2 protein chains.
Amino acid sequence: MGESITLAVSTVIFALRPHPESQHPVLWLPLVRRVRSPHKGLWALPGGPLGTTEDLAASARRNLHETTQLTPRYLEQLYAFGRPDRSHDQTMPDDRTVSIVYWALVHADVASAGVESDNVRWFPADDVPDLAFDHNQIIEYALWRLRNKMEYSRIAAALLGETFTLSELREVHEVVLERTLDPANFRRQIEATGQVVATDEFRTGRRHRPARLYRHNHSIELADNGPLTGR
Amino acid sequence: MGESITLAVSTVIFALRPHPESQHPVLWLPLVRRVRSPHKGLWALPGGPLGTTEDLAASARRNLHETTQLTPRYLEQLYAFGRPDRSHDQTMPDDRTVSIVYWALVHADVASAGVESDNVRWFPADDVPDLAFDHNQIIEYALWRLRNKMEYSRIAAALLGETFTLSELREVHEVVLERTLDPANFRRQIEATGQVVATDEFRTGRRHRPARLYRHNHSIELADNGPLTGR
DNA sequence: CCAAAAGTGTTCATGGTACACCCATGG
DNA sequence: CCATGGGTGTACCATGAACACTTTTGG
């Protein structure tokens, strides 16, 4: 019969944005509304078919930019999902989609908020609606990987701006890991790894002692992906 | 033009076998000879196109069995490789293959040695010839993952039989990690994790004190793959 | 008795955790 | 002067590395 396998690339995109009430930063991710069957009308991860001459990561990057107008600070392949029934469509029972999923970290400044529309919306990562296909589980896995890497790499850098205080860096860790960290110990651990470089500037204007600003040490990789380097 | 993307599943299969001279176990992996262009005649990872109704892991499992007559003790997705030029064939310049690669651990008993043929041969993992496509790099990455997981999981269990001495378990770690481990500390670390259960049998016949036999604690997962469980 | 590996005990360095305490600023 | 977070000091504990030492077998 007309059986066929479609290869698609989707991306779980994370950014930090202030919580609407508390103003504390929390994890958000953009979703797109499906405009065709199956699961028409449901929210889903941004993605689409792989271009015939396009690299996998390039496809993720392109789609990410089309959806959010942003360039990822960090991009990594997450997993290939291919259960035969995961994209089942009763109108096309013999069709099937294998999705190669990437996950990305972006720096969501105010400008990116403007690209929201009826078909693109950011959701808090801990309050995502019921999504199309197996996308809820994919997001769970992406969150697990993000939390894992947060503990032994410097990917937090990808969620912050050029300079930042150690409190801000610690807050990123705390938000992602969902637990508080001792400020004193966190400071020493970060300093010991050499992943940040002190500047001679300070964040003032708060009603407490000014905090020194740091910048990332770009000579240290964001994360260790073994023999793979953007393949 | 006639551009098309083929989706294939390949597997890096590891087993322990005695070194031809020293008789000490070393890592081996089976390769198959390509019988058609491109790279006809070169050795390559076992694999093939994904069946239209076949799960990704099932495809890896099927191919593994066809190649080695074995069932994997451990099977995990490694990575999806999709550079547009990775499978370039000058006779079919517009064709392209995306490979989803798994890696597996098997227990290679004597029976499996019989399936070698002109087109299937086992090679020592540290002495693999120049392979088709990017398969040498894929093996490097699989080895990196294997070594990583060996340090924080109990996948070594998948390379041993039902019962084993702690020396044998330690030898597996040493061979994979390519360094010696202190027997006393190794014993305590393994015992502390509860990943092995002492039996009341001993390995005798060696010219030294008999060593107690242990068995795996099946209530502990071989490795933690997060929210993914054979998806 | 000897060689060799099994198995136990002990010391030391390291890294993380908890927490007391002082510092500098805005209000 | 006080509340608040910035920043330093230190004690404690768990873990792992190094290594001395005893035990039990085959030859």
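Keep in mind it's a predicted model, so treat the numbers as computed, not measured. Labels below follow one simple rule: chain letters A, B, ... track the order of the sequence lines, proteins then strands, and each chain is numbered from 1.
Atom pair B:L166:CG and D:dT23:P shows a separation of 20 Å (rounding to whole Å applied). Straight-line distance from the CZ atom of A:F186 to the C1' atom of C:dC19: 19 Å, rounded to whole Å. Counting to the nearest Å, the C1' atom of D:dA18 and the CZ atom of B:R179 are 14 Å from each other. Atom pair B:L169:CG and C:dA6:P shows a separation of 12 Å (rounding to whole Å applied). One atom, CD of B:E171, and another, P of C:dA4, lie 16 Å apart when rounded to the nearest Å. One interatomic measurement links the two molecules: CD of A:E191 to C1' of C:dG15, which rounds to 16 Å at whole-angstrom precision.
With D:dA17, C:dC19, C:dA5 as the choices, the nucleotide that has an atom nearest any side-chain atom of B:H208 turns out to be C:dA5. Out of D:dC19, C:dC19, D:dG7, the shortest distance to the side chain of B:D182 is found at D:dC19. Side-chain proximity of A:Q189 to the nucleotides C:dT17, D:dG7, D:dA17 is greatest for C:dT17. Candidate nucleotides D:dG7, C:dT17, D:dT23 were compared by shortest atom distance to the side chain of A:R209, and D:dG7 ranks first.
For the pair A:A184 and A:R206, nearest-nucleotide mapping onto DNA chain C gives the more 5' position to A:A184. When the nearest nucleotides of DNA chain D are assigned to B:R207 and A:R187 by heavy-atom distance, the more 5′-ward of the two goes with A:R187. For B:R188 and B:S167, each mapped to the nucleotide of DNA chain C holding its nearest heavy atom, the one lying further toward the 5' end belongs to B:S167.
Remark: A:E66 engages A:R62 in a salt bridge, criterion side-chain N to carboxylate O under 4.0 Å.
Checked by atom type, the side-chain pair B:E201/B:T199 shows no donor-acceptor distance below 3.5 Å. Side chains of A:S99 and A:R86: a donor-acceptor N/O pair is present below 3.5 angstrom, by distance only.
Sparse packing is recorded around CZ of B:R206, with 12 or fewer heavy atoms of other residues, nucleotides or ligands lying under 6.0 Å away.
Within 4.0 Å (heavy atoms only), A:R203 reaches no atom of the nucleic acid at all.
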